[in-house]
Visitor: 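What follows is a structure written as structure tokens; I'll ask about it next.
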Number of protein chains: 2
Amino acid sequence: MDNRHRSATQSDVAKEVGVSRTLVSFAFRGAPGVSEETKQAIFDAAKRLGYRPNAVAADLARKHRSAVGLHLLDIRNEVYADILSGVRMALPQDGNRLILSVSRSVDGEDHGALESLIEARVGIIIAATLLDSDERVHELAKIVPLVSVTRPVDGVDSVYSDDAAGARAATEHLIRLGHTRIAHLAGPVYDGHTVRRQSYAQTMRDAGLKPLLLEADDFTQDAGQRAAAKLLAMTDRPTAIFTHNDPLALGAREAAYALGLSLPSELSLVGYDNSRTSGLHGIDLTSVDLHAVELGRIAGTVALERLSNPDGPAADKRLTPQLVVRNSTAPPVGNSQM
Amino acid sequence: MDNRHRSATQSDVAKEVGVSRTLVSFAFRGAPGVSEETKQAIFDAAKRLGYRPNAVAADLARKHRSAVGLHLLDIRNEVYADILSGVRMALPQDGNRLILSVSRSVDGEDHGALESLIEARVGIIIAATLLDSDERVHELAKIVPLVSVTRPVDGVDSVYSDDAAGARAATEHLIRLGHTRIAHLAGPVYDGHTVRRQSYAQTMRDAGLKPLLLEADDFTQDAGQRAAAKLLAMTDRPTAIFTHNDPLALGAREAAYALGLSLPSELSLVGYDNSRTSGLHGIDLTSVDLHAVELGRIAGTVALERLSNPDGPAADKRLTPQLVVRNSTAPPVGNSQM
DNA sequence: ATGAAAGCGCTAACAT
DNA sequence: ATGTTAGCGCTTTCAT
């Protein structure tokens, strides 16, 4: 009884018109060698029968796979939504199916996610963000072409932002304002995701300052709030915090207000993402723009290229992030020593 | 040369082990009737050859289609990201492929979007939000099972929030605070998407007040800012604005600040969505929560049910929204008369 | 427990 | 211009 929605096939159309299936196939793909007359007859019959091409069967018959698998770490994070919309922009209107896989939670074990994309026989996987180990990423890349977004992986198509430069710009901005006790609120640690913290630490040391790093247990606003609360409870609490991403910064912001602190006079804050929220009046969060939409757009383009040229050299597209200074950062006040 | 990534098939495994394809198929689906011994041999060989089941071919061979097509109006709107994550929660870990289709822009012509989902032969389409005419929705539903999220459609599985109640609650909240010049900032008009404005207008009239409605040309923050700027430039400008959604409200907020107004003393604002942003310190936007994640979760559940019972009666799940009062609303001040 | 064979809806040589 | 035939990788009767 599953045939309630069974649709007509090429055979049905062929029978109706009185021609072979081949002609129907040709007609629908605009292949040459079908007379105008029969073409019309075929389209008419198709319409009458409500025939729709079955893209899946077509893909199976053709050898090549055109579907694009998109893996998103956390769709509720604006960055990933932006990447998704960038990818969409790059893909042709009606060309490649987009098969989505979103991580359930940041459990580090993205296993199932990519696995299901592979079983769906996508022609390529765009992954933003891969949390797996470098080793495993290489294994996966052997099975299916991979475009790593947000994280550079050797020998694998990579589209990312220069995190070292971004973190340096953020840290230097705070140092230049006169801050000395600058903390970095990082996320959980994963292969390929420690660039920002390292660049921060290096920049601090280069300035003769002591790095103060705290890891949040997730990349969310709540995690940021919890972690920042600890940071702000310290006897010699930092006068500035630079966070791994905007949600974390927004969480830190809540923690600060909960303590009655006011920004930026008593605490300077720098986020990372330059999400729409950060530009809102009253939020005014200084943040590093990593051009997420652009990242997605380029990733989509790279994927398309890879699909048509499987053996070309791995792409390595690095965008330069941009520090957007707003009103959440200011020089430290003299009496904020305690 | 496309075979660089060609993976092993059941035949390859069968050959390697020295059994028939049938056994391999059985073994991988856990079908009964395969001895432990051969099962082991099969799995071993599969591993050796790097065999991966081809879910697409399997779907083709089986008659029923298990893939779920998800249509999202605007992924950069948090509501849709929430719906997506709700849907994900409802679908079994590794069960149903999720094929995504996102509208390029709000051009009203979602045509291609759903069309490509149909050609991808998904078993069901979860659509949030359908902008098409009622008539066309019914046509589509004849071709493939449809779950309409966010908008009730007669005879079609629908999962939505009681917009009339939400809009009424918002409007009454403002009336109760003492406002009389309350404007409604609506979005572009589409079939099935005028409930909020109508409920607002009705509530106003019921209170003996005159509705003041303005349509933004999109559902975005920018559109909201543009439209609100007009509203606030009126000689007898409203003392309160209730918007169709949060981005629109956030835009109105920017417009207000750009004019040097302060909230909520000089302008009360009520949004709709209760997005994360609205709860931020300094934003504090009073908003109607439509439980987007829950909407998605239920839609996923309904879709699964429909897949296993194509002929059941259409589901009609209506959630009750909740007004969340924050600090963007207050009584009008006496001297705000102009 | 195991295998043979037909078929899912389509494409792609290879005829005619 | 049109038709024939063999697959694509898998599931599923039906035999054995």
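Throughout, protein chains are lettered first and strands after them, A, B, ... in sequence-line order, and every chain is numbered starting at 1.
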Visitor: So, using side-chain contact (heavy atoms from CB on, under 4.5 Å) as the criterion, who are the partners of B/Gln10 when residues are at least two apart?
Guide: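 So B/Gln10 forms a side-chain contact (heavy atoms from CB on, under 4.5 Å) with B/Val24, B/Ser25, B/Tyr51.
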Visitor: List the residues meeting salt bridge (Lys or Arg N to Asp or Glu O under 4.0 Å) with A/Lys39, not counting sequence neighbours, and say none if there are none.
Guide: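 If we apply the salt bridge (Lys or Arg N to Asp or Glu O under 4.0 Å) test to A/Lys39, skipping adjacent residues, the hits are A/Glu36.
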Visitor: When you compare the side chain of B/Leu100 with that of B/His71, does any pair of heavy atoms fall below 4.5 Å?
Guide: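 Counting from C-beta outward, B/His71 and B/Leu100 never come under 4.5 Å.
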Visitor: Taking 4.0 angstrom as the limit, do A/Asp59 and A/Arg62 come out as a salt bridge?
Guide: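 Counted as a salt bridge, because a side-chain N and a carboxylate O are separated by less than 4.0 Å.
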Visitor: Of all residues at least two apart in sequence or in a different chain, which pass the side-chain contact (heavy atoms from CB on, under 4.5 Å) check with B/Asp316?
Guide: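 Checked B/Asp316 against side-chain contact (heavy atoms from CB on, under 4.5 Å); matches are B/Tyr160.
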Visitor: Please encode protein proximity along nucleotides 8-16 of chain C as a string of B, S and -, counting only heavy-atom distances under 4.0 Å.
Guide: BBBBB----
Visitor: Quick one: list whatever passes side-chain contact (heavy atoms from CB on, under 4.5 Å) with A/Ala31, sequence neighbours left out.
Guide: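 So A/Ala31 forms a side-chain contact (heavy atoms from CB on, under 4.5 Å) with A/Phe26.
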Visitor: Which whole-number value in Å describes the distance from B/Leu23 CG to D/dG9 P?
Guide: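 One finds 20 Å between P of D/dG9 and CG of B/Leu23, rounded.
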Visitor: Return the minimal non-hydrogen interatomic distance between B/Asn309 and B/Arg306, and the atom names on each side.
Guide: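 That closest heavy-atom pairing would be O-NH1, 3.0 Å.
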Visitor: How would you label the contact of B/Val56 with the nucleic acid (heavy atoms, under 4.0 Å): base, sugar-phosphate, or nothing?
Guide: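 Nothing, no nucleic acid heavy atom in range.
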Visitor: To the nearest Å, give me how far apart CG (B/Leu49) and P (D/dG9) are.
Guide: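 Between P of D/dG9 and CG of B/Leu49: 14 Å.
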Visitor: Please name the pair of heavy atoms, one in A/Ser66 and one in A/Leu307, separated by the smallest distance, quoted to 0.1 Å.
Guide: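 Scanning both residues completely, I find the closest heavy atoms to be O-CD2, 4.2 Å.
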Visitor: Under 4.0 Å, heavy atom to any atom of DNA chain C: which of residues 31-47 of chain A qualify?
Guide: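 Within residues 31-47 of chain A, no residue comes under 4.0 Å of DNA chain C.
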